[in-house]
Enquirer: 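This is the structure I have questions about; it appears just below.
Counting starts at 1 for both ligands and their atoms, in listed order. Just so it is clear, the structure is predicted and the values come from calculations on it, not from any experiment.
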Amino acid sequence: MKLFDVYPLNNITINRAQGSYVWDNNGAQYLDMYGGHAVISIGHTHPHWVKRIETQLEKIAFYSNSIIIPLQQELADKLGVVSGKTDYQLFLCNSGAEANENALKLASFHTGRKKVIAFSKSFHGRTSLAVAATDNPAIVAPVNETDHVIFLPFNDESALSECFKAHGAEIAAVIIEGIQGVGGIVPATIPFLQLIRSLCDQYGSVYIADSVQCGYGRTGQFFAHDIAEVNADIYSMAKGMGNGFPIGGILIAPHIQSKHGMLGTTFGGNHLACAAALAVLEVMEEENLMSMAKQRGMYLMNQLKAIEGIENVRGRGLMIGFDVPEQLKGLKKVLLDQYNIFTGEAKPNVIRLLPSLALSRKQADEFLEALKEAILAIQTNAE
Ligand SMILES: Cc1ncc(COP(=O)(O)O)c(C=O)c1O
């Protein structure tokens with residue numbers, strides 16, 4: 001049987017990983033500035049995470065949500081403390097798309113309304129409503145097309161106010177990434193997030209903070225949206241939550257009430273996933289990873305801004321992007337092929353850095369040196 005060919009692949013097989021490094025099947029070492037797609041939060045194969053999962057595996061890996069799973073409450077308590085949203089409620093699922101799907105569905109149940117506001121260049125996942133709220137027609141199948149989603153320009157306060165003025169009573173939810181990831185590392189402005197909060201209050205709509213990529217401590221705050229100092233009604237999470245063990249979830253404000261059967265999942269919140277997620281939060285606390293991410297991110301940003309050739313360095317904490325001008329086209333590939341460094345990208349010309357929150361200063365320097373050399377090599381070759 002063939003694999004369904006949907007991913008353009010690098011011709012590399014990774015079979016070992018530790019911290020911010022991975023190794024291929026020939027033993028070559030790579031620096032992972034991509035965090036395996038923003039997923040590796042505490043570092044690959046962190047010993048505490050491995051031990052927690054192994055210990056759990058020997059007891060029980062899975063039983064359905066028809067019984068009490070104390071690890072879920074333990075995770076909810078810990079998440080409350082680490083995120084600062086102690087009075088929120090937790091629903092667990094398995095991925096980012098699923099988290100947003102449930103967030104949007106819950107907003108619709110809660111308000112009894114159908115319309116969702118999303119923004120230009122947004123990415124919220126590939127399932128039905130999540131993809132309908134994603135600004136990329138190429139990945140929206142005909143069956144996912146809906147006129148329930150209104151797309152507005154990102155960070156445009158007057159467009160948002162106008163839309164609420166015209167349709168406020170129909171709006172179930174506004175969904176927004178704190179920093180757009182796939183869209184090219186574009187932060188939402190503080191006044192824009194504050195306006196979303198006040199319009200949602202005024203019209204009884206639900207503010208959904210998609211924190212799948214920008215959340216879980218990556219920016220130095222638990223949720224990137226926290227920078228605006230207003231609370232969202234629902235936060236969606238996944239990626240960094242399990243450090244590679246599949247788990248997602250939504251944090252739900254106390255005023256949104258649950259009802260049996262409203263949401264549900266077979267695998268969400270299983271014993272093994274909860275153990276992995278608890279290990280992540282324990283390590284984040286123990287190793288002070290949110291403040292590490294903030295510090296390391298500031299260092300990287302300052303150093304990157306001083307590098308000639310790359311443009312528009314931006315982001316927060318360890319969610320950083322920069323533009324690669326036409327003369328340096330191919331920089332990402334040179335970094336991978338010649339310097340063994342994985343980076344992320346956003347079309348058409350953005351390099352995205354999403355390393356583990358435990359990236360060391362030495363590893364940051366290793367990346368910066370390689371980047372300077374790679375730029376020089378491309379420039380010299382072009383002459
Ligand atoms: C902001 C955002 N939301 C949702 C998703 C979807 O997450 P998943 O791929 O786990 O379904 C992603 C994935 O890249 C994302 O970046």
Side-chain angles (χ1 to χ4, degrees), residues 6-8 34-41 91-107 116-136 138-141 144 149 151 154-155 173-188 193 196 207-219 222-226 232 234-251 265 267-269 273 276-277 280 315-321 342-347 350-355:
V6 288
Y7 303 110
Y34 172 51
H37 209 55
V39 164
I40 301 304
S41 44
F91 175 76
L92 290 164
C93 56
N94 310 285
S95 70
E98 218 187 311
N100 284 327
E101 199 72 34
N102 280 294
L104 290 162
K105 194 170 165 181
L106 183 54
V116 170
I117 295 178
F119 299 101
S120 50
K121 297 189 108 184
S122 60
F123 185 91
H124 299 297
R126 291 167 181 274
T127 56
S128 64
L129 198 46
V131 84
T134 289
D135 183 23
N136 180 359
I139 64 167
V140 179
N144 303 131
V149 180
F151 284 100
F154 190 61
N155 282 337
V174 179
I175 184 165
I176 183 167
E177 296 156 77
I179 300 177
Q180 290 190 329
V182 176
I185 312 290
V186 191
L193 293 173
I196 292 174
Y207 167 15
I208 300 173
D210 181 341
S211 303
V212 169
Q213 186 168 151
C214 61
Y216 243 80
R218 178 157 293 285
T219 63
F222 194 78
F223 292 118
H225 303 73
D226 285 346
I234 304 180
Y235 296 87
S236 58
M237 313 165 292
K239 292 196 188 289
M241 191 173 182
N243 196 48
F245 197 100
I247 180 168
I250 50 178
L251 290 192
T265 153
F267 291 124
V280 168
R316 276 204 315 275
L318 288 173
M319 183 164 185
I320 298 173
F342 280 101
T343 55
E345 69 180 335
K347 303 275 188 263
V350 180
I351 285 189
R352 266 195 290 170
L353 304 178
L354 301 154

Enquirer: Kindly confirm or rule out an N or O of V182 lying under 3.5 angstrom from an N or O of ligand 1.
Expert: no
Enquirer: Where does the angle between the aromatic ring planes of F222 and Y216 fall among parallel (under 30°), tilted (30 to 60°) and perpendicular (over 60°)?
Expert: tilted
Enquirer: Hey, does G96 come in under 3.5 Å of ligand 1, counting only N/O atoms on both sides?
Expert: yes
Enquirer: What do we get for A238 next to ligand 1 when only non-hydrogen atoms under 4.0 Å count, side chain, backbone, both or neither?
Expert: neither
Enquirer: Using distance alone, with no hydrogens and no angle criterion, decide if E98 and T127 have a side-chain donor and acceptor under 3.5 Å apart.
Expert: no
Enquirer: Which atoms of ligand 1 have any heavy atom of D210 under 4.0 Å away?
Expert: 1 (C), 2 (C), 3 (N), 4 (C)
Enquirer: For ligand 1 and E177, I'd like to know whether there is a polar contact (N/O to N/O, distance under 3.5 Å).
Expert: no
Enquirer: Among all protein non-hydrogen atoms, which one is nearest to atom 16 (O) of ligand 1, and what is the separation to 0.1 Å?
Expert: Q213 NE2, 2.8 Å
Enquirer: Does Q180 reach ligand 1, in the sense of a heavy atom lying below 4.0 Å from it?
Expert: no
Enquirer: Check side-chain hydrogen bond (donor to acceptor under 3.5 Å, both in side chains) between N144 and all other residues, then give those that pass, not counting sequence neighbours.
Expert: none
Enquirer: Of all the non-hydrogen atoms in the protein, which one sits nearest to atom 15 (C) of ligand 1, and at what distance?
Expert: F123 CD2, 3.7 Å
Enquirer: Could you see which bit of N100 sits under 4.0 Å from ligand 1, with heavy atoms only: side chain, backbone, both or neither?
Expert: side chain
Enquirer: Would one find an N or O of E98, backbone or side chain, under 3.5 Å from an N or O of ligand 1?
Expert: no
Enquirer: For D135 and K121, indicate whether the former's side chain and the latter's backbone hold a donor-acceptor pair under 3.5 Å.
Expert: yes
Enquirer: Give a yes or no answer on whether the side chain of T219 reaches the backbone of G317 with a donor-acceptor pair at less than 3.5 Å.
Expert: no
Enquirer: If you look at every heavy atom in Q213 and R218, which pair is closest and at what distance?
Expert: O-CD, 3.6 Å
Enquirer: Measuring centre to centre across the rings, with the benzene-like ring taken for any Trp, is F119 within less than 6.0 Å of F151?
Expert: no
Enquirer: Students should be able to answer this: which protein heavy-atom is nearest to atom 13 (C) of ligand 1, and at what distance?
Expert: K239 NZ, 3.3 Å
Enquirer: What pair of heavy atoms forms the shortest contact from N155 to P187, and how long is it?
Expert: ND2-O, 3.2 Å
Enquirer: Considering only protein heavy atoms, determine whether one is less than 4.0 Å from atom 9 (O) of ligand 1.
Expert: no
Enquirer: As an exercise, identify every atom of ligand 1 less than 4.0 angstrom from a heavy atom of H124.
Expert: 3 (N), 4 (C)
Enquirer: What protein heavy atom lies closest to atom 11 (O) of ligand 1? Include the residue and the distance to one decimal.
Expert: A97 N, 2.8 Å
Enquirer: For the atom pair CD (E101) and OG1 (T265), what is the distance rounded to the nearest 0.5 Å?
Expert: 13.0 Å
